[in-house]
Amino acid sequence: MRKDHTKLSPGVGTYRFGSIAVMRKYVTLDRVQRALVEQIEDNVMHRPHRRLGKILLDNNWITEKQMKLVLDEMGVGDE
């Protein structure tokens with residue numbers, strides 16, 4: 001699957017899930033940072049790894065539709 005780099009500004013290949021979600025105003029930067037802390041805690045405690053979008057979804061900080069839109073924008077969503 002090819003990434004469509006025209007959806008964001010130049011250099012979109014470096015944007016990650018949290019950055020896009022914040023830029024699209026789906027979630028606040030504070031919540032992304034809190035989700036990243038949860039992700040690190042999961043890893044340190046040897047719990048199953050969760051992707052950032054899943055953590056945001058599990059906390060009801062984004063919707064499934066928003067998560068899919070971000071993944072599609074990153075070029076990794078389902079077709």
Side-chain angles (χ1 to χ4, degrees):
M1 171 187 251
R2 297 189 68 208
K3 291 184 180 182
D4 181 1
H5 296 298
T6 63
K7 292 185 179 180
L8 288 174
S9 61
V12 70
T14 62
Y15 285 102
R16 304 198 61 173
F17 189 97
S19 299
I20 295 171
V22 170
M23 285 191 298
R24 297 290 171 242
K25 299 189 185 330
Y26 296 154
V27 67
T28 64
L29 178 58
D30 180 64
R31 286 189 170 168
V32 168
Q33 290 170 334
R34 288 167 53 190
L36 288 168
V37 168
E38 271 190 54
Q39 189 180 56
I40 292 166
E41 287 174 353
D42 285 351
N43 293 342
V44 168
M45 299 302 293
H46 303 289
R47 293 188 288 251
H49 179 76
R50 292 184 294 161
R51 295 189 179 265
L52 184 63
K54 176 73 170 129
I55 295 169
L56 293 168
L57 184 64
D58 289 348
N59 285 308
N60 295 312
W61 293 337
I62 62 170
T63 65
E64 283 191 49
K65 181 177 181 175
Q66 290 169 329
M67 184 172 73
K68 182 182 178 336
L69 289 170
V70 172
L71 292 172
D72 287 346
E73 193 152 335
M74 292 174 69
V76 295
D78 295 333
E79 288 194 10

**Report entry** Residues which pass side chain to side chain donor-acceptor pair (under 3.5 Å) with N59, listed by chain and number, not counting sequence neighbours
**Finding:** E38

Query raised in the report: Just how far is it from atom CZ of R34 to atom CG of L29, taken to the nearest 0.5 Å?
Result: 11.5 Å

Query raised in the report: So do the side chains of R24 and L69 get within less than 4.5 Å of each other, counting heavy atoms only?
Result: no

Report task. For E64, enumerate each residue passing the side-chain contact (heavy atoms from CB on, under 4.5 Å) test, keeping only those at least two apart in sequence or located in another chain. Result -> L57

Query raised in the report: To the nearest 0.5 Å, how far apart are CH2 in W61 and CD in Q66?
Result: 14.0 Å

Requested in this report: Just jot down the side chain to side chain donor-acceptor pair (under 3.5 Å) partners of R51, sequence neighbours excluded, or say none.
Outcome: none

Query raised in the report: If two hydrophobic side chains count as joined below 4.5 Å and joins carry through other members, does V37 share a cluster with F17?
Result: no

Query raised in the report: Just how far is it from atom NZ of K68 to atom OG1 of T63, taken to the nearest 0.5 Å?
Result: 11.5 Å

Query raised in the report: Do Y26 and I55 belong to the same hydrophobic cluster, where Ile, Leu, Val, Met, Phe, Trp and Tyr are linked whenever their side-chain heavy atoms lie under 4.5 Å apart, directly or via other members?
Result: no

Query raised in the report: So, the side chain of Q39 versus the backbone of H49: is there a donor-acceptor pair under 3.5 Å, distance only?
Result: no

Query - V27, D72, I62 screened by side-chain contact (heavy atoms from CB on, under 4.5 Å) with M67, the one that passes - result: I62

Query raised in the report: About how many Å separate CD of E73 and CD1 of I20, when rounded to the nearest 0.5 Å?
Result: 5.0 Å

